[in-house]
2 protein chains.
Amino acid sequence: MTVRISEFQNHVGESVTIRGWVYNLRSSGSIAFFQLRDGFGFTQAVFSKNDVSEDMWNQIQSVTIESSVSVTGVVTPHPKKENVFELQATAVEIFQIAQEFPIGKKEHGPDFLLDNRHVWIRSQTQWAVLRVRSEIMTAIFDWMRENGYTRLDTPILTANACEGTTDLFELPYFEEKKAYLAQTGQLYLEAAIASLGRCYDFGPVFRAEKSKTRRHLTEFWMMDAEAAFMTHSENMDAQEDMVCFIVRRVLERCRQEFEIVERDVSKLEAIQKPFPRLTHADAVSRLQKMGSDIQERDDLGADDETKLTNEFERPIFIEKYPAEVKAFYMKRDPNDETRCLNADLLAPEGYGEIIGGSERESDLDMITKRIIEHHLSPDVFSWYLDLRRYGSVPHSGFGLGLERIVTWICGRHHVRESIPFPRLLNRLEP
Amino acid sequence: MTVRISEFQNHVGESVTIRGWVYNLRSSGSIAFFQLRDGFGFTQAVFSKNDVSEDMWNQIQSVTIESSVSVTGVVTPHPKKENVFELQATAVEIFQIAQEFPIGKKEHGPDFLLDNRHVWIRSQTQWAVLRVRSEIMTAIFDWMRENGYTRLDTPILTANACEGTTDLFELPYFEEKKAYLAQTGQLYLEAAIASLGRCYDFGPVFRAEKSKTRRHLTEFWMMDAEAAFMTHSENMDAQEDMVCFIVRRVLERCRQEFEIVERDVSKLEAIQKPFPRLTHADAVSRLQKMGSDIQERDDLGADDETKLTNEFERPIFIEKYPAEVKAFYMKRDPNDETRCLNADLLAPEGYGEIIGGSERESDLDMITKRIIEHHLSPDVFSWYLDLRRYGSVPHSGFGLGLERIVTWICGRHHVRESIPFPRLLNRLEP
């Protein structure tokens, strides 16, 4: 019977077959040990020379690291560790003997590992991060569904450089047209709320940014959500609820993965509602007291974000930024027209911004004025302005950067490990 | 209390408030009727002049089609229709009086509707199709999860034109590099199965095809799935199971949507396992008997697909195509080396191919030979060939075109209605 390693607990004492890869092995005279993985779990198979034919023993000896095999044996509990099982192996079948595997036990530099990303993803740490990423996406889908959001895929190829051409990838589109790769689907979601009430997208977005920091990728996954009749404050409630939902979900389902990446899960267990909500003005004054030279109307830099979040064990909202550092579509605070009804959500432990959101300006004249103030062309926004002509409603939304959330939740250093095949300034392969 | 229209059944006899858009209205002296939608459902609000103040009555009279409003009233059952409710309205609050809405009751041409896609999506039919699309995606996520597939997002920006540069969008990538927009994530998934066992992606793909048929988009959503140790025949079993799962799910959850698009659901109820499996050779001989001039080693054209599927009420697999009409990575049939272990799944009712899949060639020498035979360069595939060097395993996978599935399930004519913002040869906006 062929089973998955993750199902061993249901087959103790039974003879089963598993199929996978030998990620490590050793042999001591009459006993051979294979460290095996099948994509679902990890185990050790123990072969005894006395229990197998000479031909089989020779085959076992021929196996190299990363060879693909099927192994048959009896599942036994690990003598010391609870919920760990081994295979007392009786037979091996070889699919392919691997050539010498490029990734060994020694330390490799990041460039070497990225050049070999197509096989580096086999390492336990990368496996764990990719599984957590998948679980986080699933949690987001589930939260969205439970909260009445319909999935709506927004286009990647767009005709207009909505917020200016900086950092946009441009390409020829058939004869004489030009297209740009989308940086967000927000404007399209704003159109769709008049059909669906609430909707979200979740897809790749692109920034042709020449930054080489640990937080930057040129292609990354973003979830944008938009809801009709939602206020700025309800928008923060929604984000808070979603982040707590994600964290609970991964704590439930990813214990093994967190062990592998050595994540201190107590830091995740501390993520509970409510999240502190600081105004930008409060944040600046706190930062100034900490010695930062940030000025009253400055955007927060990455260092500022790190300093602030180190004071809290939960994510924190920074709300009501000066309008001049934020996008044209954000609604202004009625109590201070120079500030936006927006909030950035900063992850704890110095991981920086993970979500940005705001209430949107819904008045036709006002948003037209803002477009002009931002040196953009109202012509380019003609369809977007229609949304304010035909039944405009108060609405809010937010955008979540998946890789940043994954990096924070897995406690990794660089976002490049939080996406299967990272695209960076100098990296398009593999 | 603010509720959604879809929750009316729980509030019969209560006074509630709903917020949404007036998609139609009429007034007859002392009674006014608003047809309302809130993104979750549709209802009618009835105002009586005698029950409201003069000022409120004047406000009601000022409302135009697509104006955004909040309406308060008592939920009552429809006098004749079961499970239909109305609102005996007592108050209205206006968010915005809409300018004259461009889409009226008269017939509009497809270009006009596509130019106004940002508001056309508000129509009931488009709402229904978008909801079904979202439900189908959710069903696919759920099926994947239940069947052990981990989600793995494959890159859009790729360095190499893997299957030749035809139909690829090309763009400059920073200084001197070129990038191409992905047409499939399959090769990356083949890398990832050695980490995750089974995985899938689901994202936009791009074809710079100059076709203007009802089945073509330049940007569309594709789900690719790949599984280690899966044979050609198990691969078909998996697709069959997934398609049945999707159909059951939408039949459960999308009854209202199918009514709106006037879908004959009996056609969907007929979708049951097993699906007929014809070989390409069988298909050709059937087609020839029907009068087609298809030759023994030809690929099936769209007309051929339509003719064949009209004979069956279930989707059908056509398997084992001549190798020369299929991709290099497909494993050959051991019983006939000139044919592939592949299958295309054709939807009933003439909707054509919805899934294409195959077992993959796993032998290093053989796949290198195929690459050369297909006039491709093994250098370009260096990382892909590594997968056959380090623990190659038998494996299979398939790719599903979302818009084609949505078009079939909703019984629409053109794929352009099955994606929120279609991109066509001559269309990049809105």
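Nothing here was measured: the structure is a model prediction, and the numbers come from that model. Order of the sequence lines sets the chain letters (A, B, ...), proteins ahead of strands, with each chain counted from 1.
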Between [options], the one whose heavy-atom pairs under 4.5 Å with chain A are most numerous:
options: S392(B), P420(B), A159(B); answer: S392(B)
options: G148(B), S6(B), S123(B); answer: G148(B)
options: L152(B), V119(B), D38(B), T64(B); answer: L152(B)
options: R37(B), R4(B), E100(B), R19(B); answer: R19(B)
options: F40(B), W383(B), F95(B); answer: W383(B)

Without swapping roles, check the side chain of [X] against the backbone of [Y] for a donor-acceptor pair under 3.5 Å.
X: E219(A); Y: L157(B); answer: yes
X: E429(B); Y: T158(A); answer: no
X: R122(B); Y: A191(A); answer: no
X: T150(B); Y: R131(A); answer: no
X: S67(A); Y: G391(B); answer: no

task: May I ask you to decide whether K210(A) forms a salt bridge with E175(B), counting only side-chain N to carboxylate O separations under 4.0 Å?
output: yes
message: Regarding D142(A) and R145(B), does a basic nitrogen lie under 4.0 Å from an acidic carboxylate oxygen?
response: yes
Look at [options] and state which one has the largest set of heavy-atom pairs under 4.5 Å with chain B.
options: I193(A), I156(A), I121(A); result: I156(A)
options: E135(A), Q126(A), R117(A), E209(A); result: E209(A)
options: A194(A), G203(A), P430(A), P155(A); result: A194(A)
options: Y384(A), F229(A), W127(A), Y23(A); result: F229(A)
options: S195(A), A98(A), G197(A); result: S195(A)

message: So that I know where these two stand, are W221(B) and F202(A) an aromatic pair - ring centroids less than 6.0 Å apart?
response: no
query: So F101(A) and Y390(B), would you call those rings parallel, tilted or perpendicular, with 30° and 60° as cut-offs?
result: perpendicular
task: Classify the ring geometry between F174(B) and F169(A) as parallel (under 30°), tilted (30 to 60°) or perpendicular (over 60°).
output: perpendicular
Please look at [X] and chain B and tell me whether the side chain, the backbone, both or neither of the residue comes under 4.5 angstrom of a heavy atom of that chain.
X: A228(A); result: side chain
X: R389(A); result: both
X: L364(A); result: side chain
X: P172(A); result: both

Just so I know, are the side chains of [X] and [Y] near enough to count as touching, which here means a heavy-atom distance under 4.5 Å?
X: F141(B); Y: R151(A); result: yes
X: V393(B); Y: Q96(A); result: no
X: L181(A); Y: L171(B); result: yes

Nearest 0.5 angstrom please: [X] [atom1] to [Y] [atom2], how far?
X: S134(A); Y: D153(B); atom1: OG; atom2: CG; result: 8.5 Å
X: H118(A); Y: S382(B); atom1: NE2; atom2: OG; result: 6.5 Å
X: Q99(A); Y: D386(B); atom1: CD; atom2: CG; result: 8.0 Å

message: Apply side-chain hydrogen bond (donor to acceptor under 3.5 Å, both in side chains) to residues T218(B) and Y173(A) and explain how you reach the verdict.
response: CA-CA 10 Å; T218(B) 57; Y173(A) 191 78; 2.7 Å; yes
- request: Measure I419(B) against the heavy atoms of chain A and call it side chain, backbone, both or neither at under 4.5 Å.
  value: neither
query: Of all heavy-atom pairs between L428(B) and K178(A), which one has the smallest distance, and what is that distance?
result: CD1-O, 3.5 Å
